[in-house]
Amino acid sequence: MTTPQQRIGSGFGPRSTTDDVLRGIDLGGREALVTGGSSGLGLETTRALAGAGARVVVGARRVAAAREAVAGIRGDVEVGELDLADLDSVRGFAERLLGSGRALDMVIGNAGIMACPETRVGPGWEAQFAVNHLGHFALVNRLWPAIAAAGAKGGGARVVMVSSNGHQLSDIRWDDPQFERGYDKWAAYGQAKTANALFAVGLDVLGRDAGVRAFSVHPGTIATDLARHVPREEMIAAGWIDEHGNVAGAFKTPEQGAATQVWAATAPALAELGGAYCEDCDIAERAGEGELTDGVRDYATDRAAAARLWRLSAGLTGVDAFATR
């Protein structure tokens, strides 16, 4: 069974910015967590949410650098140490946040890595699957009491996972999710982005009765540090930059790239919806043929696959907020 994927006519589009989607929205009194919220799209997301009145916690590996990056943001922003590749770090971050007693109205899983050389973390996990998915899975499950507390309030709570149209590069490799039988950096990235989308599907099913809805988003193509592992020659061949290093193609600005995740976290039009994959500040349609097209593949929104991934992820991380259900 798959989730509905149909545009709702949001009134926004690929060039809409965070300011556009937040116009008229007051986030005063709301609490948000943005992983990787001190650089790239995460920094713009932090700036936008704080500017609209939310109190934002930024999870970052390099705390000093993150504090410097967010220092000029208008609003209430704090930084906490969080390394998604290290489950002990995830646990410590969650315990500190839960200890503050706050409820979390919005969690945006923005941090991630792309197309890195083969790297093993934790007990030998493939790094892209571990950082982009498993770390976020463990984090959200550990923070569930704070998320559910916000969900019990009138406005509910939302979890937004930053996926990518890169999910079209690979379904979950159920027989070899850790790439133990040969590594391909782009297939590994694709699997991790599919996992982000399926995690949102699974969490939405489990959390909706508690007033929590979940979404995944494709932000678009933006020139950020995410591409730091991609060789220059490969970026030229892909049409991302020209031979002089100038950005080429229809790239979005950071304000446009962050707009979809901010929209998914705050849009009143999504109050009764959930589990969907979004792009260009609307729910995406089903993907057509070919690689890296608009839209979402069926395998990335399949509820049976989402439940299977949930079981796999809970087994690997040892964390499941819904284990008694």
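Counting from 1, the numbers follow the sequence of the chain as shown.
Using a 4.5 Å cut-off on side-chain heavy atoms (C-beta onward), Leu169 and Leu292 make contact. The shortest side-chain heavy-atom distance between Glu255 and Asp19 does not fall under the 4.5 Å cut-off. The closest side-chain heavy-atom distance from Leu273 to Arg213 is not below 4.5 Å. Looking at heavy atoms from C-beta onward, Phe93 lies in side-chain contact with Val57 at the 4.5 angstrom threshold. A heavy-atom distance below 4.5 Å is found between the side chains of Gln178 and Arg120. Counting only heavy atoms from C-beta outward, the side chains of Val160 and Met106 never approach each other to under 4.5 Å. Taking the side chain as every heavy atom from C-beta outward, Leu134 and Leu87 never approach each other to under 4.5 Å. No side-chain heavy atom of Ser163 sits less than 4.5 Å from a side-chain heavy atom of His218.
In the hydrophobic clustering of ILVMFWY residues, with side-chain heavy atoms under 4.5 Å counting as a link, Val21 and Ile8 come out together. Both Leu104 and Phe322 are assigned to one and the same hydrophobic cluster, defined by single-linkage of ILVMFWY side chains at heavy-atom distances under 4.5 Å. Met161 and Leu270 are members of different hydrophobic clusters when ILVMFWY side chains are connected at heavy-atom separations under 4.5 Å. Grouping the Ile, Leu, Val, Met, Phe, Trp and Tyr side chains by contacts below 4.5 angstrom, directly or via other members, places Leu22 with Phe12. A continuous path of ILVMFWY side-chain contacts below 4.5 Å connects Val58 to Leu27, so both sit in one hydrophobic cluster.
Ionic pairing of Asp20 and Arg15 is not present here: no N-O contact between side-chain nitrogen and carboxylate oxygen is shorter than 4.0 angstrom. Using a cut-off of 4.0 Å between Lys/Arg side-chain N and Asp/Glu carboxylate O, Glu31 and Lys153 are scored as not salt-bridged. A salt bridge between Asp171 and Arg297 is absent, with no side-chain N of the basic residue lying under 4.0 Å from a carboxylate O of the acidic one.
The hydrophobic cluster analysis finds Val319 isolated: no Ile, Leu, Val, Met, Phe, Trp or Tyr side chain comes under 4.5 Å of it, directly or through other members.
Contact detail for Gly166 and Tyr189: the closest heavy-atom pair is CA-CE2, 4.2 Å. The two atoms that bring Ala259 and Cys281 nearest to each other are CB-SG, 3.6 Å, heavy atoms only. Of all heavy-atom pairs between Val34 and Gly42, the closest is CG1-O, 4.0 Å. Leu84 and Ala111 make their closest contact through CD1-CB, 3.7 Å (heavy atoms, listed as atom of the first residue, atom of the second, distance). A pairwise comparison of heavy atoms in Val201 and Gly275 identifies CG2-O, 3.5 Å as the closest pair. Here the closest heavy-atom approach between residue Ala192 and residue Gln128 is recorded as CB-O, 3.5 Å.
Gln191 places no side-chain N or O within donor-acceptor distance of the main-chain N or O of Phe129, the cut-off being under 3.5 Å. Between the side chain of Asn132 and the main chain of Asn196, no donor-acceptor pair closer than 3.5 Å is present. No donor-acceptor distance shorter than 3.5 angstrom exists from the side chain of Asp76 to the backbone of Ala50, with no hydrogens or angles considered. The backbone N or O of Phe179 sits nowhere less than 3.5 Å from a side-chain atom of Arg173 that would complete a donor-acceptor pair.
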Residues Glu279, Arg7; criterion salt bridge (Lys or Arg N to Asp or Glu O under 4.0 Å); working and verdict: CA-CA 10 Å; Glu279 64 184 6; Arg7 296 193 183 279; 3.6 Å; yes

Side chain to side chain contact (heavy atoms under 4.5 Å, CB included) between Asp294 and Glu285, worked out: CA-CA 8 Å; Asp294 292 337; Glu285 301 283 354; over 6 Å; no

Stepwise side chain to side chain contact (heavy atoms under 4.5 Å, CB included) check, Ile25 with Arg30: CA-CA 11 Å; Ile25 293 178; Arg30 307 291 294 279; over 6 Å; no

Side chain to side chain contact (heavy atoms under 4.5 Å, CB included) assessment of Arg96 paired with Glu81: CA-CA 10 Å; Arg96 291 189 296 273; Glu81 184 177 359; 4.2 Å; yes

Stepwise side chain to side chain contact (heavy atoms under 4.5 Å, CB included) test for Thr35 and Val162: CA-CA 10 Å; Thr35 67; Val162 178; over 6 Å; no

Criterion side-chain hydrogen bond (donor to acceptor under 3.5 Å, both in side chains) on Arg286 and Thr301, from CA distance to verdict: CA-CA 10 Å; Arg286 296 287 170 187; Thr301 59; 2.6 Å; yes

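With rounding to the nearest 0.5 angstrom, the OG1 atom of Thr46 is 11.5 Å from the CD atom of Glu78. The structure places CD of Gln256 at 9.5 Å from OG1 of Thr18, a figure rounded to the nearest 0.5 Å. If you take CG on Asn110 and CD on Gln261, they are separated by 5.0 Å, rounding to the nearest 0.5 Å. The structure places CG of Leu41 at 9.0 Å from OG of Ser39, a figure rounded to the nearest 0.5 Å. Distance check: Leu49 CG to Glu44 CD gives 9.5 Å after rounding to the nearest 0.5 Å. Once rounded to the nearest 0.5 Å, the distance linking CG of Leu203 with CZ of Phe215 reads 11.0 Å.
Here the options are Arg308, His136, His133, the test is side-chain hydrogen bond (donor to acceptor under 3.5 Å, both in side chains), and the partner is Ser313; only His133 passes. Tested against Val212 for a side chain to side chain contact (heavy atoms under 4.5 Å, CB included), the candidates Ile147, Val107, Asp204 yield a single pass: Ile147. With respect to Lys252, the side-chain hydrogen bond (donor to acceptor under 3.5 Å, both in side chains) criterion is satisfied by exactly one of Thr260, Thr17, Asp280: Asp280.
A 6.0 Å sphere centred on CD of Glu118 holds more than 12 heavy atoms belonging to other residues, nucleotides or ligands. Atom CD of Glu68 sits in a sparse spot, with 12 or fewer heavy atoms from other residues, nucleotides or ligands closer than 6.0 Å.
Side-chain contact, Trp310 with Asp320: a donor N or O sits under 3.5 Å from an acceptor N or O.
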